[in-house]
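When a ligand or atom number is given, it counts from 1 through the structure's own listing order.
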Amino acid sequence: MKTVTVPFFISHQGCPHSCVFCDQRTISGANGTLPTGTEISERIDLWRSTAAGRPLEVAFFGGTFTALPEQTQSELLAPLQPLLQNGTLESVRISTRPDYINADHVAWLSERGVGTIELGVQSLDDAVLSASGRGHAAAASLSAIRCIKEQGVRVGAQLMPGLPGDTPALSLATLEQVIAANVDFMRIYPVVVLRGTELAERYTAGEYTPLSLEKGVRLSALLLQRAMQADISVIRIGLQADHGLTVDSVLAGCWHPALGQLVRSRLYADLINRVVSPGERVTVYCHPARLSDLVGVKRSNLHDQSSRGVQMQVVPDAVLRKEEIKVEIESISTVYSIIKDNNYSIHEV
Ligand code: SF4
């Protein structure tokens, strides 16, 4: 049964840093205050009433949880303890910086029900981290991943392709290292230049060029395919268009309200472009859960095939795996996989 996440956005709380891309107030929409114990309990009750019996997880997003005073961390986690004990809550997730977590922190959090820690890894290139004002080196991320995993806590890595000094090859190298470190899942957030940030000033001054939407989609498709090949789930691509992030707060960069779907659709589009020739009439079958990705945002994949002279019909087929499509041309069917059969080259991004 799919877990329901009860989110709490703790904004810039606890974070003494100022990464060039970050405006937590824009991303989280939070006003800088932390939820009280009563507010936490009430929100969990509210979400439980609509969860239809599905397991609940509480997540503290934003900020740097482990940089908060220990007393504050305790106060946030305290109302969850009875709910964890009586089974109302299944687990707790926090996010933090790689240089603010060590074995003692992990043990302390684990004792209080934290089962997942998300790290803002962003890049594993020291020059990129430095140019982005992160204030730590790549070694801190690898060490943090290791010490979290050693204590049996799930670890997720947030990656941010397109930071100052980054290249597609460096983004791929970061992803490969994160895979090798055996993280449990990832989020991919291509850089969005938010108004009011240092990155916005650099962009306006002509000192920084972000990934365009098109390039960000191509790079994310390659990264997603590589993660799928390694069987590591990518649970989110692109910043969420809520919690205060609006079109007005975006100055430039790779932002789209349905970026994840654009990226997944690209995997299908690229595969079909490879295996279907212009002018052919084709029926493409896919798992029902992947129909909207195959069709594309605003039916873009159908329109693109039409402009190649391809007459494409799409049909759901629950027999297929989620990563598979069956391509039928003149009664001959072939099954392809977006994981195995897209041949991406980093040099084409
Ligand atoms: S560490 Fe996180 S919260 Fe702190 S400034 Fe950087 S991105 Fe923002």
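- Set against the non-hydrogen atoms of C15, the atoms of ligand 1 under 4.0 Å away are 1 (S), 3 (S), 4 (Fe), 5 (S).
- At a threshold of 4.0 Å, the pair E39-R43 does not count as salt-bridged, since none of the basic side-chain nitrogens sits closer than that to a carboxylate oxygen.
- Shown in contact with C19 at under 4.0 Å from a heavy atom are these atoms of ligand 1, numbered in order with element: 1 (S), 5 (S), 6 (Fe), 7 (S).
- Listed by number with element, the atoms of ligand 1 under 4.0 Å from a non-hydrogen atom of H17 are 5 (S).
- The number of heavy atoms from other shown groups lying within 6.0 Å of OH (Y203) does not exceed 12.
- Residue C22: an N/O/S atom is found under 2.8 Å from atom 8 (Fe) of ligand 1.
- Remark: E280 does not engage R308 in a salt bridge, criterion side-chain N to carboxylate O under 4.0 Å.
- We find that D23 and R195 are not joined by a salt bridge, their nearest charged nitrogen and carboxylate oxygen being 4.0 Å or further apart.
- The R97 neighbourhood of ligand 1 comprises atoms 1 (S), with distances under 4.0 Å to a heavy atom of that residue.
- Contact atoms of ligand 1 toward R134: 1 (S), 6 (Fe), 7 (S) (distance under 4.0 Å to a heavy atom of the residue).
- Q225 contributes a side-chain N or O that, together with a main-chain N or O of I339, makes up a donor-acceptor pair within less than 3.5 Å.
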